[in-house]
*Asks:* 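Handing you this structure, nothing more for now.
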Amino acid sequence: MALEISKAVAGMLACAIVASCSENEPEVYTITTQPGEIQVISLDRDLAMALNGASEAKVDEGSKTVALARGEAAFTSKADTASPWRVEFDDLALTDIGGLSRVTLGNKSAAIAVAESVVVVQPDAEDTRLAAGEAIKIRLDEGTVTRHEISPETIGTWRMGRLEFDSTPIDEAMNRIERSTGLSVAVDPRFGEALLSGVILIPEEPDDEEDFVNAMAKVIGGEANFENESWSIR
């Protein structure tokens, strides 16, 4: 009887050890958001990722890697030193993440903006460093890189319910608006060269849509129009 009890106890201990090991194993998982949806994930105690709407990212805890497949993500580090996590997007990579940084991946371009600290882009190749207030846009089809200054206060503001634009091209602005709100607005081609500057609050309720589109139209310099169940700015 004592032997049988010992076997049972040993079995339970083995199960407990296996369960404990399984719980502690690094995970690999994919996060997908719908337009207008935001998810915030703590990658570890020092680094958090906010995934904007219409985005997808794969997290590998073992290699401390985030692969952004599409959309936009903001990374916030609480530590005084740079995080060991690596962000990959298309054939590019971002490391030494500290403070607040934003990565946006579209079909033809990628953009990185830094609000705080310094990050390294392409650590395995060119080793480009971006400091607070700097951003780059990379044309994926051409391989060209454009570097420019940006107001740190405009980076990642969609996490707080507002969109801030600082001389933002109209096509980029409309992509950001649709991603953050789920609202698609057609803009007259005559505004194709327009640059947006200003602040627009993201609507919290469907009834706020009209005020939101009117605010957009005012910033662009046009008029909002609702026809056939869709919005446009002319």
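Predicted, not measured: the structure shown is a model, and the values here were computed from it.
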*Asks:* Are side-chain heavy atoms of Asp46 and Trp85 found at a separation under 4.5 Å?
*Replies:*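 Not touching, per the 4.5 Å side-chain cut-off.
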*Asks:* Just wondering, more than 12 heavy atoms not from Lys58 lying within 6.0 Å of its NZ?
*Replies:*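 It does not: Lys58 NZ has 12 such atoms or fewer within range.
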*Asks:* Going by the rule salt bridge (Lys or Arg N to Asp or Glu O under 4.0 Å), which residues pair with Glu227 if we only count those two or more places apart in sequence or in a different chain?
*Replies:*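 Glu227 satisfies salt bridge (Lys or Arg N to Asp or Glu O under 4.0 Å) with Arg234 only.
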*Asks:* Please say whether more than 12 non-hydrogen atoms of neighbouring residues, nucleotides or ligands are located less than 6.0 Å from CG in Asp91.
*Replies:*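 Counting neighbours around CG of Asp91, 12 or fewer heavy atoms of other residues, nucleotides or ligands fall under 6.0 Å, so no.
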*Asks:* Are the side chains of Glu88 and Asp60 in touch, meaning some heavy atoms are under 4.5 Å apart?
*Replies:*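 Not touching, per the 4.5 Å side-chain cut-off.
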*Asks:* What's the verdict on side chain to side chain contact (heavy atoms under 4.5 Å, CB included) for Leu163 and Ile202, showing C-alpha distance, side-chain angles and the deciding distance?
*Replies:* CA-CA 7 Å; Leu163 294 173; Ile202 297 174; 4.0 Å; yes
*Asks:* Is a side-chain N or O of Glu61 found less than 3.5 angstrom from the main chain of Glu27, in a donor-acceptor match?
*Replies:*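 Judged by distance alone, yes, a pair lies under 3.5 Å.
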*Asks:* Using side-chain heavy atoms (C-beta onward) and a distance below 4.5 Å, is Leu196 in contact with Ile170?
*Replies:*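 Contact flag for Leu196/Ile170 side chains = yes.
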*Asks:* Given side chain to side chain contact (heavy atoms under 4.5 Å, CB included), test Thr157 with Arg162 step by step and report yes or no.
*Replies:* CA-CA 6 Å; Thr157 55; Arg162 68 181 189 274; 3.9 Å; yes
*Asks:* Just wondering, do Val59 and Ile41 contact through their side chains at under 4.5 Å, heavy atoms?
*Replies:*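 The answer is no, as the side chains (C-beta and beyond) never meet within the 4.5 Å cut-off.
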*Asks:* Should Val121 and Val145 count as side-chain neighbours, where that means a heavy-atom distance under 4.5 Å?
*Replies:*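 Heavy-atom side-chain distance check fails, nothing below 4.5 Å.
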*Asks:* Is there a path of hydrophobic side-chain contacts, each under 4.5 Å between heavy atoms of I, L, V, M, F, W or Y residues, that connects Val120 with Phe75?
*Replies:*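 Per the 4.5 Å side-chain linkage, Val120 and Phe75 are not co-clustered.
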*Asks:* Are Met49 and Val87 close enough that some pair of their side-chain heavy atoms sits under 4.5 Å apart?
*Replies:*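 Side chain of Met49 against side chain of Val87, heavy atoms only: no contact under 4.5 Å found.
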*Asks:* Given side chains that start at C-beta, do those of Pro123 and Arg86 come closer than 4.5 Å, heavy atoms only?
*Replies:*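 In contact.
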*Asks:* Does a side-chain heavy-atom distance below 4.5 Å link Val187 with Asp171?
*Replies:*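 They are not in side-chain contact.
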*Asks:* Using only heavy-atom distances, determine whether the side chains of Asn52 and Ser180 contain a donor-acceptor pair under 3.5 Å.
*Replies:*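 Looking only at side-chain atoms, Ser180 and Asn52 do form a donor-acceptor pair, the distance falling under 3.5 Å.
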*Asks:* In the single-linkage hydrophobic clustering (I, L, V, M, F, W, Y; side-chain heavy atoms under 4.5 Å), do Leu51 and Leu94 co-cluster?
*Replies:*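 They do share one cluster, since a chain of ILVMFWY contacts under 4.5 Å joins Leu51 to Leu94.
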*Asks:* For the hydrophobic clusters of this structure (ILVMFWY residues joined by side-chain heavy atoms under 4.5 Å, transitively), does one cluster hold both Ile97 and Ile31?
*Replies:*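 In one cluster with Ile97: Ile31, yes.
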*Asks:* Please step through side chain to side chain contact (heavy atoms under 4.5 Å, CB included) for the pair Trp158 and Glu72, ending with a clear verdict.
*Replies:* CA-CA 10 Å; Trp158 43 267; Glu72 183 176 27; 3.4 Å; yes
